Number of protein chains: 2
Amino acid sequence: MESKDLRKAGLKVTLPRMKILEILEAADDQRHFSAEDVYKQLLEAGEDIGLATVYRVLTQFETADLVMRHHFESGHSVFELNRGPHHDHILCVRCGKVDEFVDETIERRQREIAENSGYRMTDHSLYIYGICEACQSKE
Amino acid sequence: MESKDLRKAGLKVTLPRMKILEILEAADDQRHFSAEDVYKQLLEAGEDIGLATVYRVLTQFETADLVMRHHFESGHSVFELNRGPHHDHILCVRCGKVDEFVDETIERRQREIAENSGYRMTDHSLYIYGICEACQSKE
DNA sequence: ATAGGAATGAGAAGCTTTTTCATCTGATCG
DNA sequence: CGATCAGATGAAAAAGCTTCTCATTCCTAT
Ligand SMILES: [Mn+2]
Ligand SMILES: [Mn+2]
Ligand SMILES: [Zn+2]
Ligand SMILES: [Zn+2]
């Protein structure tokens, strides 16, 4: 079903691209992956796909708007399949849990701030860091 | 005047640390510096201070709460002297200009969202990206 | 001034990400 | 279906940014 998305993006339908899409779609528990995360899952699945290809493909997917790239504080890029509406993230600094939220008040204020500052807004990123419920109860 | 701040932070008052503080304080035009930025200014000033020391000192300053570290999309860390109240940033994706703003509505909503999600909030980061007035008029 | 611990500079090394290049694959067309 | 060829891939090298190592130097407290 996704080969269409790839073709639409001007990308050949290749085995590495399909496998990487599959991993991003599985998302039973995880929805946010580093390149390394994806690479490890490929290895576990017995696929012989190089890390360079993972990076290349994820970047192409980003360009094609199939995935979003996030810059969590960890320093490296984190990717997420681009489905559903825009949302921001709240992360646990202890265990790395990632939750998502949407807040129209904040979205509106951001647009207003950009306008008042004379900027034509292209993007924004908002991360809330904290300690999740589970980690709090472990203290 | 700042040797006190260093001592208070349990840091010896050394020449590299004083020089780096001076650069961060100058801030005639720039308030946000990468380690490389600071290093270049040291070179221009004829100081013989290694890049490793710049990184070390900036990290110590961060720990001592003398500076804040930001993660703009550029990928590398950006430092800013920690004076004045908390603020967030709006950046031009064309020319790199950085403006600052404070918005109590957003601050409050963030706290509410953290609470509703069961998180004890420790920090947050908000960056708005866009095209500044000057760059828009060049289009 | 002296001594001892902390700080520094230079370079090596670490990590994530990108690039290079020879080889391979998949879309197209006969 | 097989040949063709641009595009994609894997492996390894390299690029950025940042941290670490270690011999040497510098502060601070006597
Ligand atoms: Mn998400
Ligand atoms: Mn600032
Ligand atoms: Zn947690
Ligand atoms: Zn601009």
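These numbers come from a predicted model, not from an experiment. We name chains A, B, ... by the order of the sequence lines, and we start the count at 1 in each one.
With sequence neighbours left out, the side chain to side chain contact (heavy atoms under 4.5 Å, CB included) criterion links D88(A) to H86(A), F101(A), E107(A), H124(A), L126(A). Scanning for side chain to side chain donor-acceptor pair (under 3.5 Å) contacts around E47(B) gives an empty result, with sequence neighbours left out. Legend: residues meeting side chain to side chain contact (heavy atoms under 4.5 Å, CB included) with E44(A), ordered by chain and number and at least two apart, are absent. Take E100(B) and apply the salt bridge (charged side-chain N to carboxylate O under 4.0 Å, His left out) test, not counting sequence neighbours, and it matches R31(B). Remark: D37(B) pairs with Q30(B), S34(B) by the side chain to side chain donor-acceptor pair (under 3.5 Å) rule, at least two apart or across chains. For R7(B), there are no side chain to side chain donor-acceptor pair (under 3.5 Å) partners at least two apart in sequence or on another chain.
Evaluation of the side-chain hydrogen bond (donor to acceptor under 3.5 Å, both in side chains) test over residues 125-135 of chain A, restricted to residues two or more places apart or in two chains, returns none. Pairs passing the side-chain hydrogen bond (donor to acceptor under 3.5 Å, both in side chains) check and including a residue from residues 56-69 of chain A, sequence neighbours excluded, read R17(A)-Q60(A), T53(A)-R56(A), T59(A)-R69(A), E62(A)-R69(A), R69(A)-S77(A).
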Is there any protein nitrogen or oxygen under 3.5 Å from a nitrogen or oxygen in nucleotides 21-23 of chain D, and what are the pairs?
| residue | atom | partner | partner atom | Å |
| --- | --- | --- | --- | --- |
| dT21(D) | O4 | R56(B) | NH1 | 3.3 |

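Whole-Å rounding puts the L58(A) CG to dT17(C) P distance at 10 Å. Between the CG atom of L51(A) and the P atom of dA12(D) there is a distance of 13 Å, rounded to whole Å. Computed from coordinates, the I49(A) CD1 to dA11(D) C1' distance equals 15 Å when rounded to whole Å. Between R69(A) atom CZ and dT16(C) atom C1' the separation is 11 Å, expressed in whole Å. Rounded to an integer number of Å, the gap from NE2 of H76(B) to C1' of dT16(C) is 15 Å. Following rounding to the nearest Å, Q60(A) (CD) and dT18(C) (P) show an atom-to-atom distance of 11 Å. Residue Y55(A) contributes atom OH, which lies 13 Å from atom C1' of dA15(D) at whole-angstrom precision. Between the NE2 atom of H71(A) and the C1' atom of dG16(D) there is a distance of 15 Å, rounded to whole Å.
Minimum interatomic distance between G130(B) and Y119(A) (heavy atoms only, all atoms of both residues): C-CD2, 3.9 Å. Pairing each heavy atom of A114(B) with each of I90(A), the nearest pair is CA-CD1, 3.6 Å.
Each end of the helix from dA1(C)-dT30(D) to dG30(C)-dC1(D) yields a helix axis from five base pairs, and these two axes differ in direction by 30° (to the nearest 10 degrees).
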Walk along nucleotides 25-30 of chain D from 5' to 3' and tag each nucleotide B, S or - by protein heavy-atom contact under 4.0 Å, base first, then sugar-phosphate.
--BS--
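Near DNA chain D, meaning a heavy atom under 4.0 Å away, the residues from residues 32-48 of chain A are D48(A).
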Step by step, work out the side chain to side chain contact (heavy atoms under 4.5 Å, CB included) result for L21(B) and L81(B).
CA-CA 8 Å; L21(B) 260 190; L81(B) 208 58; 4.0 Å; yes
Working for ring pair (Phe, Tyr, Trp, His ring centres under 6.0 Å), residues H70(B) and H89(B)
CA-CA 10 Å; H70(B) 301 294; H89(B) 296 89; 4.4 Å; yes
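Between I20(A) and Y39(A) there is no side-chain heavy-atom pair separated by less than 4.5 Å.
Side-chain N/O atoms of S77(B) include one lying less than 4.0 angstrom from OP1 or OP2 on dT18(D).
The side chain of T53(A) approaches dG10(D) more closely than any other nucleotide in the set dT18(D), dG10(D), dT19(D).
Remark: the backbone N or O of G118(A) is paired with a side-chain donor or acceptor of Q136(B) at under 3.5 angstrom.
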